[in-house]
Amino acid sequence: MATRAAVAAPRVLRRFFCTNSASSSPSFPFIPPPPTGAAPAPTRPTAEPNTNLFVSGLSKRTTTEKLREEFSKFGVVTHARVVTDRVSGYSKGFGFVQYSTIEEAQKGIEGMDGKFLDGWVIFAEYARPRPPPGQFVNNNTTQYGRQLS
DNA sequence: GGTGAGCGG
């Protein structure tokens, strides 16, 4: 009787198409097409409005002083920094600007986003909320709690 | 030496 073997085979294939049975996604592990098609939001859905600004597209020569100086024209900059590499000391081409209020931050974005700075078109947007410094943060662990070694 | 998308101290 080979009937048993013929029934056992499809059962294995059923595990493929019904991984965790249903109740989760009615579709296969393929790529589910967006139904409404409202917001594509590929990978960067622009963070919520806050006083912290993420400025990208900066020139390698742009420094923190220049960044604060330019953004101070649209509000009170409480904090500004151009991210530079610790080892080489070169600028990574982006920085952060923090205004006193969200209104000033909005004016800063509308006033500096798409503008030229040191010959480069910069992009100003709201910075993403950073993970809070945990109590278990140490030298061997990152801010996300992942072991480095 | 300094790329050219991105989210740091």
Side-chain angles (χ1 to χ4, degrees), chain A residues 10-149:
Chain A
R11 189 162 48 175
V12 178
L13 294 180
R14 209 172 296 173
R15 279 178 61 251
F16 256 171
F17 293 93
C18 301
T19 22
N20 295 341
S21 40
S23 74
S24 232
S25 297
S27 300
F28 290 117
F30 303 146
I31 300 179
T36 49
T43 44
R44 287 176 54 193
T46 59
E48 301 177 357
N50 55 82
T51 56
N52 221 22
L53 260 58
F54 172 72
V55 184
S56 58
L58 294 177
S59 174
K60 305 293 182 182
R61 302 178 298 251
T62 304
T63 171
T64 300
E65 297 180 356
K66 190 60 180 290
L67 193 67
R68 181 194 298 260
E69 181 182 354
E70 291 297 323
F71 278 82
S72 293
K73 298 188 296 184
F74 302 95
V76 179
V77 177
T78 59
H79 194 66
R81 170 171 296 143
V82 172
V83 178
T84 55
D85 187 74
R86 291 269 177 155
V87 184
S88 60
Y90 278 93
S91 174
K92 289 185 178 180
F94 64 93
F96 295 91
V97 175
Q98 187 172 51
Y99 280 98
S100 177
T101 61
I102 302 181
E103 300 175 356
E104 294 174 335
Q106 184 178 0
K107 289 193 344 184
I109 290 180
E110 307 226 338
M112 289 302 297
D113 183 50
K115 297 301 176 62
F116 282 88
L117 186 59
D118 287 339
W120 286 83
V121 181
I122 68 176
F123 297 96
E125 55 185 332
Y126 296 107
R128 300 196 190 131
R130 300 176 310 171
Q135 307 171 356
F136 304 94
V137 173
N138 208 337
N139 309 346
N140 285 346
T141 57
T142 62
Q143 52 187 352
Y144 297 100
R146 291 181 298 186
Q147 291 288 343
L148 292 179
S149 58

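Heavy-atom basis, side chains included; hydrogens, waters and symmetry copies ignored. In the text below, chain A, chain B and the rest are named by the order of the sequence lines, each starting its count at 1.
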Pick base, sugar-phosphate or nothing for [X], based on heavy-atom distances below 4.0 Å to the nucleic acid.
| X | value |
| --- | --- |
| A/Leu58 | base |
| A/Gly95 | nothing |
| A/Asn52 | base |
| A/Tyr126 | base |
| A/Ser88 | base |

For [X] and [N], what is the distance between atoms [atom1] and [atom2] respectively, to the nearest whole Å?
| X | N | atom1 | atom2 | result |
| --- | --- | --- | --- | --- |
| A/Trp120 | B/dG4 | CH2 | P | 8 Å |
| A/Phe94 | B/dA5 | CZ | C1' | 10 Å |
| A/His79 | B/dC7 | NE2 | C1' | 14 Å |
| A/Lys60 | B/dG2 | NZ | P | 11 Å |
| A/Arg128 | B/dC7 | CZ | C1' | 6 Å |

Without placing hydrogens or testing angles, list every side-chain donor-acceptor pair under 3.5 Å for residues 66-80 of chain A, not counting sequence neighbours.
{"from": "A/Lys66", "atom 1": "NZ", "to": "A/Asp118", "atom 2": "OD1", "distance (Å)": "3.3"}
{"from": "A/Glu70", "atom 1": "OE1", "to": "A/Lys73", "atom 2": "NZ", "distance (Å)": "3.3"}
{"from": "A/Ser72", "atom 1": "OG", "to": "A/Arg68", "atom 2": "O", "distance (Å)": "2.4"}
{"from": "A/Thr78", "atom 1": "OG1", "to": "A/Gln98", "atom 2": "O", "distance (Å)": "3.0"}

All pairs passing ring-ring contact (aromatic ring centres under 6.0 Å, His included) where residues 87-112 of chain A contributes a residue, at least two apart: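 Residue pairs with at least one partner in residues 87-112 of chain A: A/Phe54-A/Phe94, A/Phe54-A/Phe96.
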
Nucleotide of B/dG8, B/dG6, B/dG2 approaching A/Tyr90 most closely (side-chain heavy atoms):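 That would be B/dG2.
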
Among B/dG8, B/dG4, B/dG6, the one nearest A/Phe96 by side-chain distance: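 That would be B/dG8.
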
